[in-house]
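Structure record follows, encoded as structure tokens.
One-based numbering, in listed order, for ligands and for the atoms of each. No hydrogens, no waters, no symmetry mates; every other heavy atom, side chains included, goes into these values.
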Amino acid sequence: MRTRLLLGLLCLIAAPLALARAIPDPQQRPAPGNERPQVPIAEAGYSTAVNYQLQCAGCHQASGQGSPANDTPRMRGFVGNFLKVAGGREFLVRVPGISQSALNNVQLADMLNWLLTRDGMAGDSLPQQVQPYTAEEVSAIRSVSILNLPDTRSGLIKAMQAQGIVIEDGMPR
Ligand code: HEC
């Protein structure tokens, strides 16, 4: 009786170990339709709008309306205001969604230049004169990280308020 019990216990312990496949199967083939290796997004050559949907819309939402429940501010009709205050131009490149993105500097410059158009995201928040970002500028600004993002952002918001700009970023305040 005791031997059987011990044998049963041993089986219980050994079964999951025997089932777990620690060594990858060298004969394993990719699933059908999945044969080609994945192309990194920085080399995929998608349009800016597609890059936005793939890399940004998860948080910022499809049309840039943001998600206050997830602390993501609205970009649509608001993001252009950052270009009206000192430090705002750099801030837009240094937010983690951009500076730590898998997109390359050319793609990010294109993305920012697209966001900062009337039809892209900025709408009426766009200043009269906008100097387009270049890949070199993005590269230089991107490599310097923001030490205190919330304070930096609220400083920029205060500077906007001082100019009489109405803050419609969808965030509670
Ligand atoms: C994981 C969620 C997430 C992703 C993905 C993301 N962002 Fe963001 N983004 C945020 C949050 C949250 C903020 C507010 C500032 C902060 O806390 O970082 C923000 C701020 C910004 C800002 C500054 C506007 C403001 O009001 O602060 C810009 C511009 C921006 N993001 C662009 C992008 C772009 C372009 C992408 C895609 C390449 C992207 N983000 C991907 C969450 C995200």
For [atom], which protein heavy atom lies nearest, and how many Å away is it?
atom: atom 26 (O) of ligand 1; value: Arg153 NH2, 2.6 Å
atom: atom 9 (N) of ligand 1; value: His60 NE2, 2.8 Å
atom: atom 16 (C) of ligand 1; value: Leu149 CD2, 3.2 Å
atom: atom 41 (C) of ligand 1; value: Gly97 CA, 3.6 Å
atom: atom 12 (C) of ligand 1; value: Asp71 O, 3.2 Å
atom: atom 14 (C) of ligand 1; value: Pro73 CD, 3.3 Å

Show which atoms of ligand 1 fall inside a sub-4.0 Å distance from at least one heavy-atom site of [X].
X: Pro96; result: 18 (O)
X: Phe82; result: 24 (C), 25 (C), 26 (O), 27 (O)
X: Met111; result: 35 (C)
X: Phe91; result: 23 (C), 27 (O)
X: Gln55; result: 5 (C), 37 (C), 41 (C)
X: Ile98; result: 32 (C), 33 (C), 34 (C), 35 (C)
X: Met75; result: 28 (C), 29 (C), 30 (C), 32 (C)
X: Leu92; result: 23 (C), 29 (C)

Side-chain donor/acceptor of [X] to backbone N/O of [Y], under 3.5 Å:
X: Gln107; Y: Ile41; answer: yes
X: Tyr133; Y: Arg89; answer: yes
X: Gln163; Y: Lys84; answer: yes
X: Arg94; Y: Ser99; answer: no
X: Thr152; Y: Asn148; answer: yes

Taking atom [atom1] of [X] as the centre, does the number of heavy atoms from other residues, nucleotides or ligands within less than 6.0 Å exceed 12?
X: Gln131; atom1: CD; result: no
X: Asp124; atom1: CG; result: no
X: Gln38; atom1: CD; result: no

From [X] atom [atom1] to [Y] atom [atom2], the distance as rounded to the nearest 0.5 Å:
X: Ile167; Y: Met160; atom1: CD1; atom2: CE; value: 5.5 Å
X: Met121; Y: Arg76; atom1: CE; atom2: CZ; value: 5.0 Å
X: Leu103; Y: Ile98; atom1: CG; atom2: CD1; value: 9.0 Å

Subject >> Option whose closest heavy atom lies nearest to atom 4 (C) of ligand 1, chosen from Cys56, Cys59, Gly88 >> reply: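 It is Cys59 whose heavy atom sits nearest to atom 4 (C) of ligand 1.
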
Original post:
Given Leu112, Thr72, Val95, which has its nearest heavy atom closest to atom 28 (C) of ligand 1?
Top reply: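 Nearest heavy atom to atom 28 (C) of ligand 1 lies in Val95.
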
**OP:** Heavy-atom distances under 4.0 Å are what count here, so tell me which part of Asp169 touches ligand 1: side chain, backbone, both or neither.
**Re:** neither

